[in-house]
There are 2 protein chains.
Amino acid sequence: MGNSAINEGGLRERKRAATRAAITAVARSLTAERGLNGYTVEEVCEQAGISRRTFFNYFPAKEDAILGHVDDDFPEEVVERFMAGGAGSPAGEISDSLLADLVRLSLDLAERMSGSEEETRQLIGVIKKEPQLMLRIIGASEEREAEFARLLAAREGVPTDHPVVRMAVVLLGNIARKTSAGYFSEGNTRTYEDMLLENIAAARTLFALPFDPSRAGPTPLNMSRPDIQQSSTSQSSSSLPSSSQTNSSQSTPSEGAQ
Amino acid sequence: MGNSAINEGGLRERKRAATRAAITAVARSLTAERGLNGYTVEEVCEQAGISRRTFFNYFPAKEDAILGHVDDDFPEEVVERFMAGGAGSPAGEISDSLLADLVRLSLDLAERMSGSEEETRQLIGVIKKEPQLMLRIIGASEEREAEFARLLAAREGVPTDHPVVRMAVVLLGNIARKTSAGYFSEGNTRTYEDMLLENIAAARTLFALPFDPSRAGPTPLNMSRPDIQQSSTSQSSSSLPSSSQTNSSQSTPSEGAQ
DNA sequence: CCCATAGAGTGTATTTTTGCACTTAATTAC
DNA sequence: GTAATTAAGTGCAAAAATACACTCTATGGG
């Protein structure tokens, strides 16, 4: 997590962030329109208003511009709002508002996606046909998850390997990904928010189902170790309304919680 | 006349011109809104997106930002269009299209005035209350005329002291100034184009009046002319000419000049 | 009166951007 | 096949922008 994600920075910092985001926006737009090899770096620079030399000061290669920079995935204002949500709870404890704020974060990020809906559909279509780009994206996803974990841990004042942080990153990340896939699929007419809330509700239903660790069996015995750890976590957050329900489902039997 | 008025220039040149114009636009806007001393250089820089040090790299003092730079008074695209109009005639001769193109230039420049109409009215009001600014403006006007003369001479391929160039600069400049004064006066409801064309027609009527050089005589005879001017102005309002008529009137005086 | 502050303006060092020449690899033309 | 061209990418120097500390002047408060 760089300073730019939290600190306002000076004029230099701000201009640099704006330039970087502009390059990425143009690169993605042209990729959606013409494919990865249908435009030159020169054209990106023209539209972004920079020199080619500057382009390579920002990104090591053409493809990296499309991937963008991890800081651009978490715009400052959105991050600030998310971080502010954890201010009311003591450090070291998972805040009551975490799940609600994660959902809002997901919605905010979706709103701020550069490019129109149609453009994003086309960009996704193009990317699926470029294997080197797919590999790069998979690599970049891990970096984004790490950044997200750092952000989340900082908000809650817990280590980045805290079970709730780990689960939140993986599960909310996958829910967002699945929601996007459905939203951008052919023929979709529903709003992203609609679909996201449906998926969140489904996840909450899933993790509220009855679950007895003792019935997990031999192989599941290994799985009982995580359950024990998660059990202690759920106790610490058992006073939380909506968040506690999710957490207890992960860690302990819902019967016990009930 | 700098290169930037004609040549496209590189990215540096283009960005510099844009920055300079942005500074002037912001300074004028804030002056209109709050008066000359109602805002700081810091505020201009914030809105223009530059550092204060850069502001003083561009303008020697706060007031100079309001006056702007002479190149900004003749935007590149407008100048290019004006210059292209002289391409069809042999160098050294005054082109048929000169008067029409000068009128269009005036209209183009009026269109490109930064700030809204109301803002410009307020800016003019503020400037009238600042004597040092008025003095500066008078000085800057001479520089603009010189620039205009260079532009015009270059277009026609004649020296800057050519009689038609000299007269065009002074007369068209004053017509534009007078038109602006009327346009920005209290209670005006007419368009700038309307008023400008009226004044041009009046000037054409004036210079189409019978004139016998041998009767030019001493100074007293010249003083009787102003009365004749006003009566011919009211006649010309009712008969705005077409473009071809405009051109034919222009070629006659230029032959007389030769 | 003196002192503090705000704002305009200056000097200098550092950072960033641009321009330009070059290299490399791929593609196109003959 | 060879040669030319195009596009991605690199190194280096100059230009431009920023950051920061400073000066000077005007203004307001005690």
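Below, chain A is the first sequence line, B the second, and so on; all start at residue 1. In this text, all values refer to a predicted model and were calculated from it rather than measured experimentally.
- Side-chain contact between B:Leu105 and B:Leu172 is absent, with no heavy-atom pair separated by less than 4.5 Å.
- No side-chain heavy atom of B:Glu43 sits less than 4.5 Å from a side-chain heavy atom of B:Val26.
- Cation-pi geometry between A:Lys62 and A:Tyr39 is satisfied (NZ or CZ under 6.0 Å from the ring centre, within 45° of the ring normal).
- Between B:Phe59 atom CZ and C:dG7 atom C1' the separation is 19 Å, expressed in whole Å.
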| field | Chi angles and distances behind the salt bridge (charged side-chain N to carboxylate O under 4.0 Å, His left out) call for A:Arg155, A:Asp101 | value | CA-CA 11 Å; A:Arg155 171 189 142 121; A:Asp101 284 355; 2.9 Å; yes
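- Between the two ends of the helix from C:dC1-D:dG30 to C:dC30-D:dG1, each summarised by a five-pair axis, the helix axis turns through 30° (rounded to 10 degrees).
- Listed for the A:Thr24 side chain is a donor-acceptor partner under 3.5 Å among the backbone atoms of A:Arg20.
- Using a 4.5 Å heavy-atom cutoff, the side chains of B:Cys45 and B:Thr54 are not in contact.
- Near DNA chain D, meaning a heavy atom under 4.0 Å away, the residues from residues 44-55 of chain B are B:Gly49, B:Ile50, B:Ser51, B:Arg53, B:Thr54.
- Whole-Å rounding puts the B:Asp64 CG to C:dG9 C1' distance at 12 Å.
- No cation-pi contact links A:Lys178 to A:Tyr183, judged by a cut-off of 6.0 Å to the six-membered ring centre and 45° from its axis.
- Dashed line: the shortest gap from a side-chain N or O of A:Tyr58 to OP1 or OP2 of C:dT17 is under 4.0 Å.
- At a cut-off of 3.5 angstrom, counting only N and O atoms as typed in the model, there is a donor on one side and an acceptor on the other between the side-chain of A:Arg12 and the base of C:dT15.
- Of all nucleotides in DNA chain D having an atom under 4.0 Å from a heavy atom of chain A, the first and last in 5' to 3' order are D:dA7 to D:dA19.
- Within a 6.0 Å sphere centred on CZ of B:Arg166, other residues, nucleotides and ligands contribute more than 12 heavy atoms.
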